[in-house]
Amino acid sequence: MLVSAQLSFNGFVEDLAIQLAGHGFERGEEGRVFRRFSPEGDVLIFEVQPSNHSSHWEKAFYINIGLVLAPKWEWDRQRTGWSVEELPRHYDGGWRRRLRFSGLSGNDQWRIADEDSAAQVSARVRQQLDDLMPQLLSLLDRDVVLNRTPDILGPGAWLTRAWILAGEGRTDELEHLLFVERPARTHDSVPIRTVWNYATGRAPETGQR
């Protein structure tokens, strides 16, 4: 049964790869990471993460989604010392979600035991992606994010906008966003300080990722 569950899971990942390729995603590490880059270097990432809740009879996993903005990734690479060839993973995203049974809400753990359950999961995931993909791909359009702010970004939309403004050198707009619009809505000054340091050319402290 372990082989059956693993093979069925592998078949699901192959189906997912085909669907994501149709939306412009390229397949990466271990065949379970998928990326689509914008012209500015921002990247939307899907990553299938096996769960330690898997058993001999069933493969449990998550489908993670992350948005990594080019300026934030540049800052992180400087801080960690990673090379320019290093590609971001979903956990590097300033915006992260999991694909769940009801889009971005509900149970987030998927399970596959055999071909039948793999087919059911594949159909459900395909439906969720068909519904969500237009919103997700809009996150790679900076004009949309800055001026029409997709609801899918949620309450952290201000920080996504901030990194885009920082990357584009729009410091006057960034200053207003960080120090006029947003301080009352966040108790964590670290993101504000980090993005402002990037925008003003301050080098990050180095450390391990």
Side-chain angles (χ1 to χ4, degrees), residues 23-25 33-47 49 62-100 103-105 108 132-209:
H23 292 289
F25 287 81
V33 181
F34 308 88
R35 299 180 180 90
R36 174 167 168 167
F37 287 86
S38 74
E40 295 84 4
D42 304 329
V43 55
L44 187 63
I45 304 169
F46 280 83
E47 188 164 344
Q49 174 193 347
Y62 305 97
I63 302 175
N64 300 307
I65 311 171
L67 174 68
V68 181
L69 297 172
K72 177 62 163 59
W73 178 237
E74 179 184 4
W75 176 273
D76 287 343
R77 281 197 300 101
Q78 293 175 16
R79 177 177 57 82
T80 59
W82 287 72
S83 71
V84 295
E85 288 79 19
E86 182 73 18
L87 293 175
R89 302 288 291 263
H90 80 274
Y91 43 71
D92 296 305
W95 178 88
R96 298 186 299 275
R97 296 291 188 276
R98 277 179 169 163
L99 188 68
R100 302 168 185 258
L104 298 180
S105 63
D108 64 357
L132 287 171
M133 194 59 73
Q135 299 178 66
L136 292 171
L137 293 182
S138 74
L139 301 181
L140 293 177
D141 186 330
R142 289 187 173 184
D143 179 68
V144 170
V145 173
L146 287 175
N147 299 309
R148 297 191 288 280
T149 313
D151 291 340
I152 198 171
L153 283 174
W158 69 271
L159 186 56
T160 302
R161 292 170 55 215
W163 276 108
I164 292 176
L165 292 173
E168 295 183 354
R170 297 161 64 175
T171 53
D172 288 345
E173 295 171 79
L174 176 64
E175 184 175 16
H176 186 271
L177 173 60
L178 294 181
F179 304 114
V180 178
E181 287 186 46
R182 292 301 166 184
R185 299 190 181 186
T186 178
H187 300 291
D188 186 359
S189 65
V190 173
I192 294 175
R193 186 169 62 251
T194 300
V195 70
W196 184 248
N197 286 345
Y198 173 88
T200 55
R202 183 175 177 180
E205 297 180 2
T206 58
Q208 296 299 315
R209 183 178 178 184

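For the pair Leu67 and Leu140, the minimum side-chain heavy-atom distance is below 4.5 Å. The closest side-chain heavy-atom distance from Trp75 to Asn197 is below 4.5 Å. Looking at Arg77 and Val84, their side chains come closer than 4.5 Å, going by heavy atoms from C-beta outward.
Rounding to the nearest 0.5 Å gives a distance of 8.0 Å between CZ of Phe25 and NE2 of His23. Interatomic distance, Asp92 CG to Leu69 CG, rounded to the nearest 0.5 Å: 12.0 Å. Here CD1 of Ile152 is found 5.5 Å from CG of Leu132. Values are rounded to the nearest 0.5 Å. To the nearest 0.5 Å, atoms CZ (Arg100) and CD1 (Ile65) are separated by 10.0 Å. Remark: Leu178 CG to Ser189 OG distance equals 11.5 Å, nearest 0.5 Å. Rounding to the nearest 0.5 Å gives a distance of 8.5 Å between CD1 of Ile63 and CZ of Phe46.
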Using distance only, find each side-chain donor-acceptor pair of residues 163-170 under 3.5 Å and give its atom names and separation, not counting sequence neighbours.
unit_1	atom_1	unit_2	atom_2	d
Glu168	OE1	Arg170	NH1	2.9
Glu168	OE2	Arg142	NH1	3.4
Arg170	NE	Glu173	OE2	2.8
Arg170	NH2	Glu173	OE1	2.9
Arg170	NH2	Glu173	OE2	3.4

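A pairwise comparison of heavy atoms in Asn64 and Gln49 identifies ND2-OE1, 2.8 Å as the closest pair. When all heavy atoms are compared, the tightest approach of Ile192 to Val195 is O-CG1, 3.3 Å. Trp196 approaches Leu174 most closely through the heavy-atom pair CE3-CD2, 3.8 Å. When all heavy atoms are compared, the tightest approach of Ala70 to Asp42 is N-OD1, 2.8 Å.
For Asp143, the CG atom counts as densely surrounded, since its 6.0 Å shell holds more than 12 non-hydrogen atoms of other residues, nucleotides or ligands.
Considering only residues two or more places apart in sequence or on other chains, Arg36 meets the salt bridge (charged side-chain N to carboxylate O under 4.0 Å, His left out) condition with none of them.
Without hydrogens or angle criteria, Ser138 side chain to Gln135 main chain gives a donor-acceptor distance under 3.5 Å.
Screening Phe37, Tyr91, Trp73 for a side chain to side chain contact (heavy atoms under 4.5 Å, CB included) involving Val68 leaves a single residue, Trp73. A side chain to side chain donor-acceptor pair (under 3.5 Å) with Glu47 is found for one member of Arg89, Arg35, Arg98 and no other, namely Arg89.
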